[in-house]
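Heavy atoms only: backbone and side chains are in, while hydrogens, waters and symmetry mates are out. Chain identifiers are assigned alphabetically (A, B, ...) following the order of the sequence lines, protein sequences preceding nucleic acid strands; residue numbering begins at 1 within each chain.
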Amino acid sequence: MLEITRIRTEKDSIIEGLKKRNLDVAPTIDQILDKDQQWRSAKTDLEAIAAEQNQLAKQIGELFKQGKQEEANTAKIRTGELKLKETELKSLVDGLDQEITQLLYTLPNVPNELVKAGKDEKDNEIVFEDGEQPTFSSEPLAHWDLAKKYDLIDFELGVKVTGAGFPFYKGKGAKLQRALIAFFLEEADKVGYEEYIPPLVVNEASGYGTGQLPDKEGQMYYVNEDDFYLIPTAEVPLTNIFRDVILPDDQFSIKLTGYTPCFRREAGSYGKDVRGLNRLHQFDKVEIVRIEHPDNTAKALEEMIEHVKGLLSKLGLQFRILRLCGGDTGFASAMTYDFEVYSAAQQKWLEVSSCSRFDTFQSNRLKLRFKNQDKKTQLCHTLNGSALALPRIVAALLENHQTPEGILIPEALQKFTGFDRIA
RNA sequence: GGAGAGUUGGCAGAGUGGUCGAUUGCGGCAGUCUUGAAAACUGUUGAACCGAGAGGUUCCGGGGGUUCGAAUCCCUCACUCUCCGCCA
């Protein structure tokens with residue numbers, strides 16, 4: 001959520017910035033500012049009344065003590081009048097407050113200056129490319145065929161036991177899964193991310209904290225009985241650790257990582273995009289989260305990108321990095337880099353990571369602040385990224401590393417799998 | 001699942017209708033003393049909002065009520081803890 005103070009002072013740059021998302025928010029902003037004006041004026045009046053009431057209450061107490069019943073009762077009449085007015089003003093103030101918040105909820109984050117205007121994924125910029133396209137002696141199989149051939153993943157069994165999008169991993173398929181998690185966590189550990197194992201369900205407040213609620217409610221599984229949500233990403237519990245926290249100035253940078261399964265309803269997905277591992281309702285992911293001083297955010301994002309690059313290189317996958325255009329950048333994000341690996345058999349790019357800086361957009365909702373040098377509280381910056389999401393990595397590994405002798409496991413992974421090929 | 005006890009400032013913990021944003025202790029910060037540190041002593045130390053400022057308002061788990069006045073009384077919801085039961 002954008003800060004109201006920022007809207008007051010940076011109206012024009014916000015309107016300009018959000019044009020990169022193909023949005024014209026000028027009417028909304030004007031509406032907000034108009035209501036904000038009313039709100040402030042009503043609030044001032046309300047506070048004046050409250051001040052007078054406080055004053056009178058004190059006097060009345062004094063008068064009672066001195067036994068001046070008459071005078072006290074006269075004063076009481078005045079408080080009665082004030083109370084009526086107060087009730088009226090209060091409902092006005094509260095109403096405006098809610099309307100403003102509702103409007104604020106509709107405004108996405110303002111894109112960073114590096115972000116180009118654009119409509120959808122077609123306008124994303126490729127900023128980096130690396131790795132070789134693999135060559136095959138015969139037509140490569142898609143990962144769902146490979147999974148069947150080597151008995152690594154059983155999709156039908158998942159359908160039987162749960163439903164579509166909840167596969168079973170078996171044998172070496174399961175081991176590969178476990179190896180990737182261990183590999184990713186160890187790599188994150190090497191560069192200073194502290195490992196957490198968070199809860200997999202969160203309460204409503206946490207959903208609001210990271211912005212899944214109220215707008216993306218339908219994307220999370222909901223446990224009715226206890227009002228819990230299954231996490232769609234470890235970002236939710238890891239970032240909410242810092243909800244309502246005021247950090248000392250010297251605590252930065254805070255770097256966390258965690259492996260969790262992620263649960264997504266993905267309502268409305270269909271067709272070839274959901275085939276095999278391409279889109280699941282439950283998948284594994286290692287997430288990295290950073291809490292930063294605003295001055296360090298750009299550097300932090302660079303570091304995260306380097307980290308993810310390293311992972312993909314060590315896995316021997318061809319990949320590219322995209323800087324998302326305004327229209328494709330997530331609601332809460334100020335700038336997002338997507339990592340895509342090339343899937344040789346499907347002949348398309350698969351998104352495996354997304355690294356974003358949110359600046360104060362999340363911390364504003366979270367009330368995550370720090371004491372700056374002037375001893376003032378100031379909002380922190382938050383960032384996060386996948387490092388990495390497993391299913392599409394598995395898809396690419398299987399497809400790109402298939403040979404007549406079996407699927408070759410990248411060397412970096414072998415110490416975790418305990419085998420060097422799947423045959 | 002049954003019974004009970006709680007929820008107050010960074011933490012501990014007082015406060016049962018007015019002068020309480022809140023005693024006190026610890027912690028933090030600043031200073032005195034010291035070559036330095038520790039100890040001791042002194043002072044200081046919550047957040048949000050309105051206002052150009054002076055200043056004002058709000059917050060003692062959330063919401064509602066009683067009252068001129070609520071941390072304190074009433075209602076309600078949430079959460080936490082303890083004991084018993086069940087279970088990994």
Would you indicate what [X] reaches in the nucleic acid, counting non-hydrogen atoms under 4.0 angstrom: base, sugar-phosphate, or nothing?
{"X": "A/Asn54", "value": "sugar-phosphate"}
{"X": "A/Lys76", "value": "base"}
{"X": "A/Ala75", "value": "nothing"}

Between [Y] and [X], is there a salt bridge with N-O shorter than 4.0 Å?
{"X": "A/Arg8", "Y": "A/Asp36", "result": "yes"}
{"X": "A/Asp45", "Y": "A/Lys85", "result": "no"}
{"X": "A/Glu187", "Y": "A/Lys190", "result": "yes"}
{"X": "A/Arg6", "Y": "A/Glu10", "result": "yes"}
{"X": "A/Arg78", "Y": "A/Glu52", "result": "yes"}

To the nearest Å, how far apart are [X] [atom1] and [N] [atom2]?
{"X": "A/Glu86", "N": "B/U58", "atom1": "CD", "atom2": "C1'", "result": "12 Å"}
{"X": "A/Asp45", "N": "B/C49", "atom1": "CG", "atom2": "P", "result": "20 Å"}
{"X": "A/Asp244", "N": "B/A47", "atom1": "CG", "atom2": "P", "result": "14 Å"}
{"X": "A/Asp97", "N": "B/A48", "atom1": "CG", "atom2": "C1'", "result": "12 Å"}
{"X": "A/Phe370", "N": "B/G46", "atom1": "CZ", "atom2": "P", "result": "19 Å"}
{"X": "A/Ile246", "N": "B/G10", "atom1": "CD1", "atom2": "P", "result": "8 Å"}
{"X": "A/Gln378", "N": "B/A47", "atom1": "CD", "atom2": "P", "result": "14 Å"}
{"X": "A/Leu247", "N": "B/G46", "atom1": "CG", "atom2": "C1'", "result": "16 Å"}

[atom1] atom, [N] versus [M]: distance in rounded Å?
{"N": "B/G61", "M": "B/U72", "atom1": "C1'", "result": "16 Å"}
{"N": "B/C68", "M": "B/G9", "atom1": "P", "result": "31 Å"}
{"N": "B/G43", "M": "B/C33", "atom1": "C1'", "result": "15 Å"}
{"N": "B/G13", "M": "B/U7", "atom1": "C1'", "result": "13 Å"}
{"N": "B/G64", "M": "B/C59", "atom1": "P", "result": "11 Å"}
{"N": "B/C11", "M": "B/C60", "atom1": "C1'", "result": "16 Å"}
{"N": "B/G4", "M": "B/U58", "atom1": "P", "result": "37 Å"}
{"N": "B/C79", "M": "B/C87", "atom1": "P", "result": "25 Å"}

Quick one: which of [options] gets closest to the side chain of [X]?
{"X": "A/Ile60", "options": "B/C68, B/C50, B/A47", "value": "B/C68"}
{"X": "A/Thr79", "options": "B/C68, B/A48, B/C50", "value": "B/C68"}
{"X": "A/Phe64", "options": "B/G18, B/A47, B/G56", "value": "B/G18"}
{"X": "A/Lys83", "options": "B/G69, B/U57, B/A47", "value": "B/G69"}
{"X": "A/Arg40", "options": "B/C50, B/G56, B/C68", "value": "B/C50"}
{"X": "A/Thr377", "options": "B/C49, B/A48, B/G18", "value": "B/A48"}
{"X": "A/Ala51", "options": "B/G56, B/C68, B/C49", "value": "B/G56"}
{"X": "A/Arg369", "options": "B/G69, B/C49, B/A48", "value": "B/A48"}

- Using distance alone, with no hydrogens and no angle criterion, decide if A/Ser386 and A/Glu287 have a side-chain donor and acceptor under 3.5 Å apart.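 Absent: no donor and acceptor within the cut-off.
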
- More 5' along RNA chain B: A/Trp39 or A/Gln53, using each one's nearest nucleotide?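 The residue closer to the strand's 5' end, by nearest nucleotide, is A/Trp39.
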
- Task: With RNA chain B as reference, determine whether A/Arg8 or A/Lys58 sits nearer its 5' end, using the nearest nucleotide of each.
- Result: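 Its nucleotide being nearer the 5' end, the pick is A/Lys58.
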
- Which word best sums up how the rings of A/Tyr222 and A/Tyr229 line up, parallel for under 30°, tilted for 30 to 60°, or perpendicular for over 60°?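 A/Tyr222 and A/Tyr229: tilted rings.
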
- Message: Using 30° and 60° as the class boundaries, would you call the ring planes of A/Phe263 and A/Tyr221 parallel, tilted or perpendicular?
- Response: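 Perpendicular: the ring planes of A/Phe263 and A/Tyr221 meet at over 60°.
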
- Query: Hey, where does RNA chain B pair up into stems, meaning at least three consecutive Watson-Crick or G-U pairs with distances under 3.5 Å?
  - Reply: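 Result, WC/G-U stems under 3.5 Å: B:1-7 with B:78-84, B:10-12 with B:24-26, B:27-32 with B:40-45, B:46-50 with B:55-59, B:61-65 with B:73-77.
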
- Message: Both conditions, 6.0 Å and 45 degrees, for the charged tip of A/Lys309 above the ring of A/Phe339: are they met here?
- Response: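 Ring-cation test returns no.
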
